[in-house]
Structure formats: structure tokens, C-alpha cells
There are 2 protein chains.
Amino acid sequence: MLEATLNEAATLKRLLDAVKELVQDANFECNEGGINLQAMDNSHVALVAVKLHADGFALFRCDRPIPLGVNLGSLTKVLKCAKDDDKCTLKAADDGDVLSLKYEAHRADRVAEYDMKLMDIDADTLGIPDTDYDVRVTMLSSEFARIVRDLNSLGESVRIEVSKEGVRFASDGEAAQGNILLKQTEAARERYENYGKDDDDQAEEVKEEEDKPKKAKKAKKVKKEEGLEDEDEEMVSGDNDQAEFQAKSEDEGEEEVSDSEKKKRKRSTASSSAKKKAKKAIDDMAEGGGGGVHIEMTQHVNLTFSLKYLVIFSKSASLSDTVQLMLKNDVPLLVSYTFGQGYIRYYLAPKIGDD
Amino acid sequence: MLEATLNEAATLKRLLDAVKELVQDANFECNEGGINLQAMDNSHVALVAVKLHADGFALFRCDRPIPLGVNLGSLTKVLKCAKDDDKCTLKAADDGDVLSLKYEAHRADRVAEYDMKLMDIDADTLGIPDTDYDVRVTMLSSEFARIVRDLNSLGESVRIEVSKEGVRFASDGEAAQGNILLKQTEAARERYENYGKDDDDQAEEVKEEEDKPKKAKKAKKVKKEEGLEDEDEEMVSGDNDQAEFQAKSEDEGEEEVSDSEKKKRKRSTASSSAKKKAKKAIDDMAEGGGGGVHIEMTQHVNLTFSLKYLVIFSKSASLSDTVQLMLKNDVPLLVSYTFGQGYIRYYLAPKIGDD
DNA sequence: TCTTGAGGGA
DNA sequence: TCCCTCAAGA
């Protein structure tokens with residue numbers, strides 16, 4: 001039995017806006033920790049991972065893990081029927097094949113109920129490459145969206161190059177060739193330096209949007225060039241240059257999530273005020289002048305990606321003011337949006353060679 | 001000779017927005033009382049009736065009745081050429097085949113004139129079933145629009161059920177099944193009780209948007225369960241369960257209109273202040289919090305309608321903040337929008353059986 | 001399949 | 001009023 005109430009239906013709507021473009025059907029894995037979704041697009045080039053923390057819900061109850069096989073098109077239709085600020089309750093029986101959605105106006109004079117058929121979906125939980133990225137770019141999600149949309153009108157792919165100069169997005173098209181250079185914003189750098197003095201603060205900024213302690217550490221590495229740690233990740237890591245993701249067993253997936261959840265909570269408690277400070281710095285950057293770009297780099301990187309997918313990813317801008325791009329040569333790009341109730345992350349394999 | 005000036009061209013534009021979706025050509029019947037239009041959609045399932053009172057015009061002159069056979073597509077095009085707040089003057093000669101439209105900016109520094117070819121249209125003035133509805137639902141026109149649009153994305157038809165619980169809109173679709181329950185708003189009910197004490201007030205609220213005294217009385221019945229009166233209506237009434245409307249002679253139509261016009265004026269004079277009070281109650285309800293629903297009911301009803309048409313009807317929301325739904329089992333639904341210069345009413349035959 | 005135009009929503 | 005999405009046509 002799943003019963004979960006979100007205070008704003010808009011969260012779900014926005015989440016689906018981008019995901020439905022990538023995959024038609026997907027399992028919402030519900031367990032005590034919250035709701036997860038992982039799916040690859042049909043061509044196995046892009047992967048999307050969504051997490052909604054249980055404590056991001058106004059009410060959350062899930063007695064035992066349930067996979068909800070959902071046709072995202074249908075779910076989108078049903079969500080369209082919710083007003084953005086409606087209270088939204090999801091319900092599913094343990095063995096049922098129906099997902100019920102209840103929308104309640106806050107004034108309680110309107111109650112809408114929808115029942116959606118569920119389906120069985122092959123449940124290959126996918127292994128997400130755990131990568132020690134060399135670069136993290138934090139920027140306005142709207143700016144990222146603008147850039148990929150602009151370049152998408154010129155060509156099919158974009159080369160993303162990060163150097164001391166900044167981050168450059170370049171695209172070649174038949175009609176024209178274009179590139180956009182974003183320099184580290186002075187203001188952003190200053191704020192960064194201030195808060196960066198305390199390494200824990202800085203690391204927490206990342207941890208906040210990371211489930212896996214390992215990744216948090218790696219983010220630290222991005223800043224301080226610490227050595228790698230925790231190379232026991234069950235999946236591809238390091239020199240992964242393949243364009244496709246691999247499936248792993250479902251059990252491993254579950255384990256990983258709940259395990260890291262615990263660790264995350266421990267850390268959060270330890271330094272939550274510092275975290276807030278760091279978060280504030282990021283927020284300031286986001287608002288402080290419409291273009292703050294924050295770059296952390298241990299290595300120059302230069303990769304090429306399909307713009308089609310980046311344009312789809314960038315539709316998640318409505319979920320968060322900022323987006324983080326994590327890069328490392330020959331490894332899938334990670335595009336991450338973090339919001340109050342969880343996150344949505346996209347992984348996109350780079351184009352190899354000159355295609 | 002017709003000469004009629006509206007202070008805002010927007011009124012005409014908005015009127016046509018929905019009508020042009022239902023019918024391609026229609027007669028604007030002009031007489032001393034104003035301008036009327038009645039037409040059925042091609043499938044004879046829906047009927048639209050528009051009334052613009054002569055005194056809703058800044059200037060109105062019509063020496064003798066003229067039918068203006070208009071292609072609504074053309075008229076829409078011509079109206080697109082007017083700015084919303086332009087003063088708009090319609091002119092037609094008694095025997096001409098041209099309708100002239102003049103648009104004047106209020107600062108009088110721009111005058112545009114358009115001439116539109118008229119056409120002969122078979123002038124079956126249609127008999128509108130005069131019905132003693134069992135239910136009147138008054139709600140925000142925007143909310144009605146939202147509901148039918150939402151359900152239209154799920155299925156083809158909607159079941160409208162009114163009971164003590166409230167009014168429920170339910171639709172079944174392939175992907176999902178949904179229903180929306182609107183409860184009588186407390187605030188709306190209170191206001192209603194206050195003004196409802198005086199039956200005349202209450203009835204006037206209806207009369208104001210009714211031409212036919214008979215209908216006004218029946219609306220009273222909705223409240224008080226008075227017996228039927230005036231069963232001499234020339235058209236189908238009472239147990240009409242047929243899905244189509246019937247034509248009647250033009251003469252009868254004209255007679256009816258002018259006759260009821262007179263009665264209406266008499267009544268208006270008698271109780272205009274009470275009327276204003278009642279109107280205010282409705283306005284308050286409409287504005288008092290974005291969802292006031294007001295239900296008057298003498299009988300449970302349960303009917304099914306094609307959403308396609310309701311969606312078209314609901315485009316008239318721009319004409320009025322509120323809409324009234326009048327229902328009775330096995331009888332066409334009346335959807336009525338009343339605005340300063342007149343009204344637009346839609347009648348839609350219910351679906352019979354399980355189709 | 002891609003492009004353009006219209007309609008609806010923010 | 002502008003932007004975006006959806007639908008129809010090439």
C-alpha cells in the first residue's frame with residue numbers, strides 16, 4: 001500500500017515534462033525512503049534518474065516496496081488535470097494494477113479523483129556509472145536551457161569545453177557555427193571563495209543533492225584534487241568511455257539507495273547550518289545578476305553531446321533555478337537539478353569520434 | 001436600415017469565438033429589440049442562441065426586421081481587424097447584401113471600414129425547448145472551462161451528476177478514468193440563503209438573464225418546487241428526450257421574442273433594485289475566492305454529454321465570469337453566459353444510452 | 001519526417 | 001501580449 005501526498009501537484013507535473021520525452025513507460029519504485037524512477041531512453045544513450053524523498057511529502061506511507069509501472073503519457077494526461085497548487089495524493093494497493101490520484105483544492109470545495117491503469121514493465125534497474133568528475137559547472141538552469149536551445153537551431157551536437165577560460169559550448173551547423181563562452185562570474189567566484197574556505201561547507205553543498213557519499217567525496221576531489229576513494233561502486237567507473245549504460249540486478253539497486261540514505265541523514269545532521277550557508281551562496285549566485293556561473297575543475301575537459309537530448313533535459317529548468325553539469329572526458333555527462341523534494345538527474349553518453 | 005454601435009468591438013469578437021466553431025453560416029436577426037442569432041451545429045446536436053439587447057448598444061436603430069446572412073468565418077476575419085477597445089458600428093441596408101463594419105479608435109484618430117458580403121441562409125428559426133429544469137448550477141466560467149478541457153483529454157463524454165453532495169463531472173477514458181466533485185461552497189450557500197429569503201429577489205436573478213417570463217417562473221420552481229405553468233409553449237417541453245431540436249416557423253419566433261421583451265421590461269422596472277442586490281450576491285460569490293459553486297436543485301439529475309461540444313461552449317468564458325448550467329434528466333443541457341449587452345446560450349442534447 | 005500555422009496558457 | 005504546444009499539411 002502506497003499513500004503519498006504532495007502539497008503541490010506542480011512538482012510532479014514538472015518532473016514528468018522532461019522524462020516523458022525520453023521514455024514512454026517506466027517504473028516508479030516506491031519504498032519507505034520515497035519514490036525513485038530510473039529509465040533509459042530508447043536508444044540507450046541517455047538515462048534519467050528521479051528521486052523524491054519520503055520526507056519531501058506532506059504524508060508518505062509505503063509498507064513495502066512497490067514498483068508502479070506507469071505509462072508516462074497517460075500519467076501526464078492525468079496530471080494535466082491537476083491545478084499546480086492542488087494537493088495531490090497518490091495511492092496504490094500492493095497488488096493492484098491501478099494508481100489513484102486525488103487532487104484537492106486547498107479550499108476543499110473541489111475534489112478530483114483519477115484512476116490510471118498500471119502495467120508490468122521489465123524492471124532492469126540500471127546501474128548508474130559512478131564517476132569522479134573533473135569538472136562541475138553550476139549555472140542558471142534558464143541560461144543552460146537558452147544555450148542548448150540556441151545551439152540546437154544551428155547544429156546537432158555541442159562540444160562542451162571547460163578550461164581556465166571558462167566553459168565553452170560550441171556547435172557546428174551547415175548554415176553557421178557558434179559558440180558561447182561562459183566565464184566564471186566574478187561575483188560567483190567571490191562568494192565561492194568565501195564559502196569555499198571551509199571545505200566542509202563546500203562539500204556539503206554537493207552532498208545536499210547527492211545520495212551517495214562516494215559522490216560527495218568525489219565532488220570534494222573536484223575542488224581539492226583529493227585522491228579517489230570508495231572505488232567499490234558496483235558499476236562502471238573511471239575510464240568508462242562506452243556510450244551505453246548497463247543493467248544491474250534490482251536487489252543491488254535497492255540496497256544502494258537505502259544504504260546511502262542513512263549515511264546522508266547522518267551527515268546532514270552534522271553540518272546542517274553550514275549547509276544552509278553554502279546553499280545560500282548558491283542561491284545568491286543564482287539570483288545575483290542573471291548569469292552567475294560557478295566552475296570547479298581539476299582537469300580540462302572537452303566532450304561532444306547530442307543537443308537533442310540536452311534540450312530535453314533542459315526542460316527541467318522549472319524545477320530548480322540552478323543546474324549542475326558534471327563532466328569528465330570520455331564519460332557520460334551528468335546534468336543535475338535539485339529541488340526541495342528530491343532531484344532529477346540526466347546522464348548522457350558523449351559522442352565518440354566525429355559523428 | 002440597421003445601424004448599431006458597440007462601445008467595444010471585443011464583445012463581438014468574443015461572441016464569435018465559440019459560435020464560429022459550431023456553425024459556418026448564420027442569420028443575425030435584427031429588429032427594434034436588438035440582434036438575435038440562433039443556429040444549430042451541423043449534426044443538430046447543439047444549438048446556440050445569442051441575444052444582444054438594443055439598449056446594450058451605444059446607439060441602436062433598426063427600422064424593420066432584417067436578417068443578415070453571415071458567413072461566420074468571414075465575419076471573424078473582419079473582426080480580427082478591430083482592436084478590442086475600438087468602437088464598432090454595424091450598418092446594413094434593408095435590401096442590401098452587404099454588412100458594413102466601422103471601427104473607430106476612441107481617440108477618433110483612426111477609422112477603419114470593412115464591407116462584408118452577406119448571403120441568403122435558410123431561415124428556419126429554431127424552436128428552443130422550453131424546459132423546467134431541475135437543477136441550476138452557477139459556477140465560475142473559468143472553472144467550467146477547466147473541467148471540460150481536463151476531462152476532454154481523457155474521454156469523449158462526461159457524465160454530469162447533481163446530488164446533495166454537489167455536482168460531479170465524470171469521464172471514462174482508455175488511459176484513465178476521472179471525476180471531479182464540486183461541493184456547494186459554504187460562502188456561496190450563505191450568500192444564497194441571505195438573498196434566497198426573498199423569493200422575488202431570487203427569481204429576479206434568473207429573470208435578468210431570461211427573456212421568457214415562463215422560464216423565469218420555472219426557475220422559481222427550481223427553488224420552490226412550484227407547479228409548472230404556461231405549458232402553451234410552442235415547442236417541445238416536459239419529457240423531451242429527443243436528441244435533436246426542431247424548426248418552427250419564423251413568424252412564431254419573432255412574435256415570441258418581442259412579446260417576452262415587453263414583459264421583461266415591465267418586470268425589470270418593478271424590482272430593479274432587488275435585482276441588483278441579487279446580482280451582487282452572485283458577483284460576490286463569483287469573486288469571493290476562485291471556486292464558488294452555487295447549486296439549486298429539486299431533483300437529482302444524471303446525464304451524459306459530448307465533451308467536444310462543452311469545450312466549444314466553454315470558450316465563451318471570456319464573456320462572463322460565471323456560467324449557469326441548467327439540467328433536467330433526458331433533456332438538453334442549457335449552458336448560459338450572461339453579460340452586459342445580452343447573453344449567449346448553448347443547448348446540448350444528452351447522449352442517450354451508453355454511447 | 002519536418003515544417004509551418006493556429007490555438008491555448010502563462 | 002508573448003511563448004509554447006499541438007495539429008495539420010508538405
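Convention: sequence-line order gives letters A, B, ...; per-chain numbering from 1.
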- For A:D172, the side-chain hydrogen bond (donor to acceptor under 3.5 Å, both in side chains) test, sequence neighbours excluded, returns none
- Please list, chain by chain and in numerical order, all residues satisfying side-chain hydrogen bond (donor to acceptor under 3.5 Å, both in side chains) with A:R168, sequence neighbours excluded. A:E165, A:N179
Is there any protein nitrogen or oxygen under 3.5 Å from a nitrogen or oxygen in nucleotides 7-10 of chain C, and what are the pairs?
from	atom 1	to	atom 2	distance (Å)
C:dG8	OP1	B:K315	NZ	2.2
C:dG9	OP1	B:R149	NE	3.1
C:dG9	OP1	B:R149	NH1	2.2
C:dG9	OP1	B:R149	NH2	3.4

- Task: Using the test side chain to side chain contact (heavy atoms under 4.5 Å, CB included), find all partners of A:Q341 that sit at least two apart in sequence or belong to another chain.
- Result: A:L6, A:T11, A:L52, A:F339
- Query: Taking NZ from A:K13 and P from D:dC4, how many angstroms apart are they, rounded to a whole number?
  - Reply: 18 Å
- In chain order, what residues pass the side-chain hydrogen bond (donor to acceptor under 3.5 Å, both in side chains) check against A:Q24, with sequence neighbours excluded? A:N42
Scan the side chains in residues 74-84 of chain B for donor-acceptor partners under 3.5 Å anywhere in the protein, sequence neighbours excluded, and list what turns up.
from	atom 1	to	atom 2	distance (Å)
B:S74	OG	B:N71	OD1	3.2
B:T76	OG1	B:L72	O	2.6
B:D84	OD1	B:K13	NZ	3.0

- Task: Could you tell me the separation between the NZ atom of B:K77 and the P atom of C:dA6, rounded to a whole number of Å?
- Result: 10 Å
